[in-house]
Number of protein chains: 2
Amino acid sequence: MTFADRQSWKDVREEIRSRILDSTYRPGDKLPRDHDLALELKCARSTVQRAMSSLADAGIIERKRKGGTIIKLDPVTRATINIPITKVEIEARGLKYRHHLITSAVTKAPLSISARFGIADLNSAVRVKALHMAAGRPYVLEDRWISLETVPEFRGVDLSNISANEWLVRNRPYSRCNVQIYAELIMKKEANLMEVPEGSAMLILERTTWIGDEPITHVKATHTVDYRLITNG
Amino acid sequence: MTFADRQSWKDVREEIRSRILDSTYRPGDKLPRDHDLALELKCARSTVQRAMSSLADAGIIERKRKGGTIIKLDPVTRATINIPITKVEIEARGLKYRHHLITSAVTKAPLSISARFGIADLNSAVRVKALHMAAGRPYVLEDRWISLETVPEFRGVDLSNISANEWLVRNRPYSRCNVQIYAELIMKKEANLMEVPEGSAMLILERTTWIGDEPITHVKATHTVDYRLITNG
DNA sequence: TGTTAAAATAAGTAAGTACATAATTTTGTC
DNA sequence: GACAAAATTATGTACTTACTTATTTTAACA
């Protein structure tokens, strides 16, 4: 196969990929050197390089200096999830968004939260509980901790107008983020808020963000019962 | 800031990122042209280009030909989840892996499965139910459909030696994959297999894979109660 | 004024070259 | 034969130049 006219590094990537799919190259095999592939496919080595590093990012191949390129024996499925701002997500579905503040209090964070941030003690924090509504129905229940040590100006934010979620995203970009996803049985109090039966299975997303090593916020988001995280990879 | 010695596109990326973090550039702002940034940072435009396309991949900025580069107003949190082969995952934890075949039967797929594959009817498929054990305890319960139309040779596979999971990964690479994640209450039969109380909240991962447009497999994987998907982004 | 065509612009892609870096292989020495 | 130093090798990164393409701006025209 040659790429007479409009070739691109993506074409090269797909060519390599198709050779993996049709078993020209098999798991564990060593691929030809970039240089040789460039000759064969009649393109520059930099184009092969671009294609290869993309495949390496995707977890399909493994590259080592001097060692060459091999097809991974145990490829992982690598899927990317997009977690939008809740308001944006709801409005993208064409539903009316509303945000209801439940409680907001300045307090010391418990050890479990400090541990999540990877610090010894978070003495000054705001805990915000809020409900995001889509078309009048509960959509996401969030239980959030915001570090006042890192974000002191959060004290003055009026949460009746803007959700903590939105304010933080627009005012405090983060440099690092950790996400944990799990299932949990909902308890009575939360069940009432979410308008679901007690003991329903809920999908929980916990997100923790930092700027550098400074904690910004930790949020436990409980999603509607029928919520599905959908990814493409 | 200049990069006297060892500069790289990653340094440029971090420089741009830090300018976003310290509000030199704010959401909605237009960034300087690649060319000007290259002059300022004393590097080639291709280096800026590489840094920028990485930031665009991460969902932080948006680039348009002629339009230039802007900081996204509503950045999404983009997290990558790695879904390894179950056996590899368990062994990576230092636990003993065992695989227990529950049922395996050739049958016609129900409409719900065909729909997932995006085809009208899947007439010839294998349905495999199996339990992956870690250190003697149930770890993942999988309910899998394999298209015999796409993978006829699966008929002859002896599932007492190798899990369908592993056989497929090693023999039938896919070109497209869809993942759905949700929470579900476990029912009696499955609860017994997983050795958990009936009505526990389980994290479910459903994966569907294709080669081109041809369906390969669809699997519903029910994870242990305390399972957490952890990502970094 | 509105509609269309042309020009300008900024990112996208690619080629080719040069040098850096991490591993491996070969060679040299005891 | 064991070990360390040196040469080799394949990928990693960067620079320069050239050309392409999508989109906006401007200009021309009805």
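Heavy-atom basis, side chains included; hydrogens, waters and symmetry copies ignored.
Summarising the geometry, the separation between CE on A/Met52 and C1' on D/dA10 is reported as 11 Å, rounded to the nearest angstrom. We find that CH2 of A/Trp9 is positioned 18 Å from P of C/dA11, with the value rounded to whole Å. Rounded to whole angstrom, the span from the NZ atom of A/Lys66 across to the P atom of D/dA6 amounts to 18 Å. Atom C1' of nucleotide C/dT17 and atom NE2 of A/His35 are separated by 13 Å, given to the nearest angstrom. In this structure, the CD atom of A/Gln49 is 16 Å from the P atom of C/dT13, given to the nearest Å. Distance B/Leu39 CG to C/dA10 P: 13 Å, rounded to the nearest Å. Between the CZ atom of A/Arg33 and the P atom of D/dG12 there is a distance of 14 Å, rounded to whole Å. Rounded to an integer number of Å, the gap from B/Lys30 NZ to C/dA10 P is 7 Å.
The side chain of B/Asp34 sits closest to C/dA11 out of D/dT13, C/dA11, C/dT25. Residue B/Thr69 places its side chain closer to C/dA11 than to any other of D/dT23, D/dT13, C/dA11. With D/dT13, D/dT16, C/dA22 as the choices, the nucleotide that has an atom nearest any side-chain atom of B/Ala44 turns out to be D/dT16.
The pair A/Arg63-A/Asp34 meets the salt-bridge criterion, since a charged nitrogen lies less than 4.0 angstrom from a carboxylate oxygen. B/Lys87 and B/Glu166 are joined by a salt bridge, as a carboxylate oxygen and a charged side-chain nitrogen come within less than 4.0 angstrom of each other. Of the charged side-chain nitrogens involved, at least one lies within less than 4.0 Å of a carboxylate oxygen, so that B/Glu15 and B/Arg19 count as a salt-bridged pair.
Under the 4.5 Å side-chain criterion, counting only non-hydrogen atoms from C-beta, A/Ile230 is not in contact with B/Val179. Counting heavy atoms from C-beta on, the side chains of B/Arg207 and B/Thr217 never come closer than 4.5 Å.
Both B/Pro32 and A/Arg45 lie close to DNA chain C; mapped to their nearest nucleotides by heavy-atom distance, the more 5′-ward contact belongs to B/Pro32. Comparing B/Ser46 and A/Gly67 by the nucleotide of DNA chain C that holds the closest heavy atom to each, the one mapping nearer the 5' end is B/Ser46.
Looking at heavy-atom distances under 4.0 Å, A/Thr47 makes contact with sugar-phosphate atoms alone, never a base. No engagement by B/Arg50 is indicated, since no non-hydrogen atom pair under 4.0 Å with the nucleic acid exists. Note on A/Ser53: nothing from the nucleic acid sits closer than 4.0 angstrom, heavy atoms only.
Note on ring orientation: taking the six-membered ring where Trp is involved, the planes of B/Tyr97 and B/His99 are parallel (angle under 30°, cut-offs 30° and 60°).
Taking B/Asp74 as the reference, A/Ile85, A/Val88, A/Arg170 meet the side-chain contact (heavy atoms from CB on, under 4.5 Å) condition, with sequence neighbours excluded.
A heavy atom lying under 4.0 Å from DNA chain D marks the following residues of residues 56-65 of chain A, by number: A/Arg63, A/Lys64, A/Arg65.
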